[in-house]
Amino acid sequence: MHKLPASVRLKMPFIIAGFVSFLFSVWLYFVKDETTAGIFVGLWVPSIHSLGTLLLSPVVEPVRLQRERLNA
């Protein structure tokens, strides 16, 4: 079996957590007939993915600081 690249391995917890949240919200909404709770948990999916994007995105130095460093 091939090893996953590091970039994919870093993203996997957020992808899995989003998918589990989605399944849990569908289960609450349709099986348990808890519509409000199902909608609330369903809103976690984009929040989890946004958190993953925020934590895994590289920090970019502002252009102004790059110019100052080049001119110094």
Side-chain angles (χ1 to χ4, degrees):
M1 184 170 166
H2 297 284
K3 227 176 159 185
L4 292 173
S7 62
V8 174
R9 279 187 280 135
L10 287 172
K11 295 175 187 176
M12 286 305 281
F14 299 102
I15 293 170
I16 292 169
F19 185 67
V20 169
S21 173
F22 171 73
L23 292 178
F24 185 51
S25 70
V26 169
W27 180 76
L28 283 172
Y29 193 89
F30 292 108
V31 177
K32 296 301 279 184
D33 203 29
E34 295 284 341
T35 56
T36 306
I39 292 170
F40 177 72
V41 173
L43 291 174
W44 295 356
V45 178
S47 300
I48 292 168
H49 289 170
S50 295
L51 177 65
T53 301
L54 177 69
L55 294 177
L56 297 177
S57 63
V59 176
V60 179
E61 187 177 19
V63 175
R64 180 180 54 83
L65 293 176
Q66 290 175 356
R67 287 183 187 153
E68 288 175 1
R69 189 175 292 160
L70 288 175
N71 292 335

K.L.:
Answer whether the closest heavy-atom distance between the side chains of Val45 and Phe19 falls below 4.5 Å.
P.N.:
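Heavy-atom side-chain distance check fails, nothing below 4.5 Å.
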
K.L.:
Would you please name every residue forming a ring-ring contact (aromatic ring centres under 6.0 Å, His included) with Phe40, sequence neighbours left out?
P.N.:
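With sequence neighbours excluded, Phe40 shows a ring-ring contact (aromatic ring centres under 6.0 Å, His included) to Trp44, given in chain and number order.
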
K.L.:
Can you name the residues that form a side-chain contact (heavy atoms from CB on, under 4.5 Å) with Leu43, not counting sequence neighbours?
P.N.:
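None.
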
K.L.:
Can you hop from Met12 to Leu55 via hydrophobic side chains spaced under 4.5 Å?
P.N.:
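In one cluster: no.
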
K.L.:
Is it the case that one hydrophobic cluster holds both Ile15 and Leu23, taking links as side-chain heavy atoms less than 4.5 Å apart, direct or via other members?
P.N.:
no

K.L.:
Looking at Leu10 and Leu56, what are the two nearest heavy atoms and their distance?
P.N.:
O-CD1, 3.7 Å

K.L.:
In chain order, what residues pass the side-chain contact (heavy atoms from CB on, under 4.5 Å) check against Thr35, with sequence neighbours excluded?
P.N.:
Tyr29, Asp33

K.L.:
What pairs with Pro5 under side-chain contact (heavy atoms from CB on, under 4.5 Å), at least two apart in sequence or on another chain?
P.N.:
Ser7, Val8

K.L.:
Apply side chain to side chain contact (heavy atoms under 4.5 Å, CB included) to Ile39 and Ser25, showing your working.
P.N.:
CA-CA 7 Å; Ile39 292 170; Ser25 70; over 6 Å; no

K.L.:
Just by distance, do the side chain of Ser21 and the backbone of Ala17 share a donor-acceptor pair under 3.5 Å?
P.N.:
no

K.L.:
When Ile, Leu, Val, Met, Phe, Trp and Tyr are grouped by side-chain heavy atoms lying under 4.5 Å apart, directly or through other members, which residues fall in the same group as Val59?
P.N.:
none

K.L.:
Give me the atom names and distance for the closest heavy-atom approach of Gly18 to Ile48.
P.N.:
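Residues Gly18 and Ile48, closest heavy atoms: N-CG2, 3.9 Å.
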
K.L.:
Could I get the full list of side-chain contact (heavy atoms from CB on, under 4.5 Å) partners for Val26, not counting sequence neighbours?
P.N.:
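Testing Val26 for side-chain contact (heavy atoms from CB on, under 4.5 Å), a comparison that skips the adjacent residues, returns Phe22, Phe30.
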
